[in-house]
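Below, all heavy atoms of this structure are taken into account, side chains as well, without hydrogens, waters or symmetry copies. Proteins get letters first, then strands, A, B, ... in listed order; numbering begins at 1 in each.
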There are 2 protein chains.
Amino acid sequence: MSARATTRPGGRSARVQQSVHQAVRDLEAEMGRDALTVPLIAARAGVTPSTVYRRWGDLRELLSDVAVERLRPDAPPADHGGLRADLEAWTVQFAEEMSSTAGRTYIRDALLGDPGQGNAARCSDYAAEQLKVIAVRAAGRGEAVPDLETLLDVVVAPLMYRILFRPSELSQEYVGRLVAAALGRVGSPSGT
Amino acid sequence: MSARATTRPGGRSARVQQSVHQAVRDLEAEMGRDALTVPLIAARAGVTPSTVYRRWGDLRELLSDVAVERLRPDAPPADHGGLRADLEAWTVQFAEEMSSTAGRTYIRDALLGDPGQGNAARCSDYAAEQLKVIAVRAAGRGEAVPDLETLLDVVVAPLMYRILFRPSELSQEYVGRLVAAALGRVGSPSGT
DNA sequence: CAGCCTAATGCGAAGAAATTGCGTCTGCCG
DNA sequence: CGGCAGACGCAATTTCTTCGCATTAGGCTG
């Protein structure tokens, strides 16, 4: 289980978590991610190392928590008036963010320090939520929309696979082809 | 770059690498992966910790190396007489191996301790090589075969995405659907 | 085949990080 | 207002990590 705020926003636990997360972000920007250590972060956050170890277990889990937080979308997908436009815009932005050096690092961090796969699932849920918004919006316009599972399989999965396993450029044309493939599968069966 | 045998098979370096790799496999089986430490592995391998640190840098990279080694296919894909049968058989086996607890751990280890993405790329290359064998074999029979990039996008990527990000069962029916989707895309454009 | 040369390993010490027990304090709840 | 549970600070201990130096194995040349 990840360390989430279990107390109210004003509580001490919440303050400590916020302070530690902020320390991670600051130090990451200042000295680079590989220079991070628990004692260093703790000192910057104004807490003792043992506090960090007790709450997060180890550095990997802490970084995983921070990374997931950074991967959370900050706004609903933009509305471009049509399913294809919405999908393409969202996918291009997604690909850019995730394939950047920082994005890849966050994904890897999120995947790594993650005993129960919970953080990885949250990453996927973020994408799924965004896609669902697009899908519902399109359905409201009366458009036929691909299944959510299909979108994840056809659009998101290939992007993430390339980002994680096959360092290569993700051209806009390629992204467009993925979206086209998804749109060609309206109504396809899904599920595992 | 990963620590590979740069000397001849009989050299001392090669012996040390083999010994350390074997120690990792043994200890992983005996005490569980989370109990592994560099000093522990070094002691079992009959070397000093500093040797391990010098050759591999840290525990993550060592585990990454061992994981990639374990993910290497031990045999070419079986020949079932037809493209669809070959693809389905290979994909089912791939999905089973990779979604097992051990498989997931190896994938994560391979991804993690990997500065230049080299080990992750090797994982992808393993799958690509196997698929290429199947594709060439089918082409030799005169069958129309999907592009290799398409196979990776449509078959491998969704499997890996689900394994890494969405802990769920991979039914044989689902695998069959992925293969069917790939076969329906014979001659599709590819590339990034 | 003998002897040198490079590179990797062993060893040991010093520094840093991780783990743990115990006392204290915060803040929630009766 | 006072108790109680959980979280935190502190400090000692253990373990891991890094580094310089000496040694040795194995390749390479003459």
Could you tabulate the donor-acceptor pairs under 3.5 Å formed by side-chain atoms of residues 37-46 of chain A, not counting sequence neighbours?
unit_1  : atom_1 : unit_2  : atom_2 : d
A:Thr37 : OG1    : A:Leu40 : N      : 3.2
A:Arg44 : NH1    : A:Glu30 : OE2    : 3.2
A:Arg44 : NH2    : A:Glu30 : OE1    : 2.8
A:Arg44 : NH2    : A:Glu30 : OE2    : 3.4

Tell me which pairs pass ring-ring contact (aromatic ring centres under 6.0 Å, His included) where either residue lies in residues 144-164 of chain A, with sequence neighbours left out. A:Tyr161-A:Phe165
Which residues within residues 24-37 of chain A lie with some heavy atom under 4.0 Å of an atom in DNA chain C? A:Thr37
Using a cutoff of under 3.5 Å, can you pull out all pairs of nitrogen or oxygen atoms linking the protein to nucleotides 19-26 of chain C, with atom names and distances?
unit_1 : atom_1 : unit_2  : atom_2 : d
C:dG21 : O6     : A:Arg54 : NH1    : 3.3

If you compare every side-chain N and O of B:Thr51 against the phosphate oxygens of C:dG10 (OP1, OP2), does one of them come in below 4.0 Å? yes
Check the pair B:Gln17, B:Arg12 against side-chain hydrogen bond (donor to acceptor under 3.5 Å, both in side chains), reporting the backbone distance first and the verdict last. CA-CA 9 Å; B:Gln17 163 158 349; B:Arg12 184 167 62 161; over 6 Å; no
Rounded off to whole Å, could you give me the CG-to-C1' distance for the B:Leu59 and C:dA17 pair? 15 Å
Give the intermediate values and the outcome of side chain to side chain contact (heavy atoms under 4.5 Å, CB included) for residues A:Asp58 and A:Leu62. CA-CA 7 Å; A:Asp58 60 14; A:Leu62 171 56; over 6 Å; no
More than 12 heavy atoms of other residues, nucleotides or ligands under 6.0 Å from CD of A:Gln172: is that the case? no
In terms of side-chain heavy atoms, does B:Ser64 have a donor or acceptor partner in B:Asn119 at a distance below 3.5 Å? yes
Using side-chain hydrogen bond (donor to acceptor under 3.5 Å, both in side chains) as the criterion, list what pairs up with B:Ser100, not counting sequence neighbours. none
How many whole angstroms separate atom CZ of A:Arg55 from atom C1' of D:dG9? 15 Å
Could you give the CD-to-C1' distance, from A:Gln17 to D:dA7, as a whole number of Å? 13 Å
Among residues two or more places apart or on two chains, list those pairs meeting ring-ring contact (aromatic ring centres under 6.0 Å, His included) that have a residue in residues 121-157 of chain A. none
What is the distance from CD1 of B:Ile41 to C1' of D:dT15, rounded to the nearest Å? 15 Å
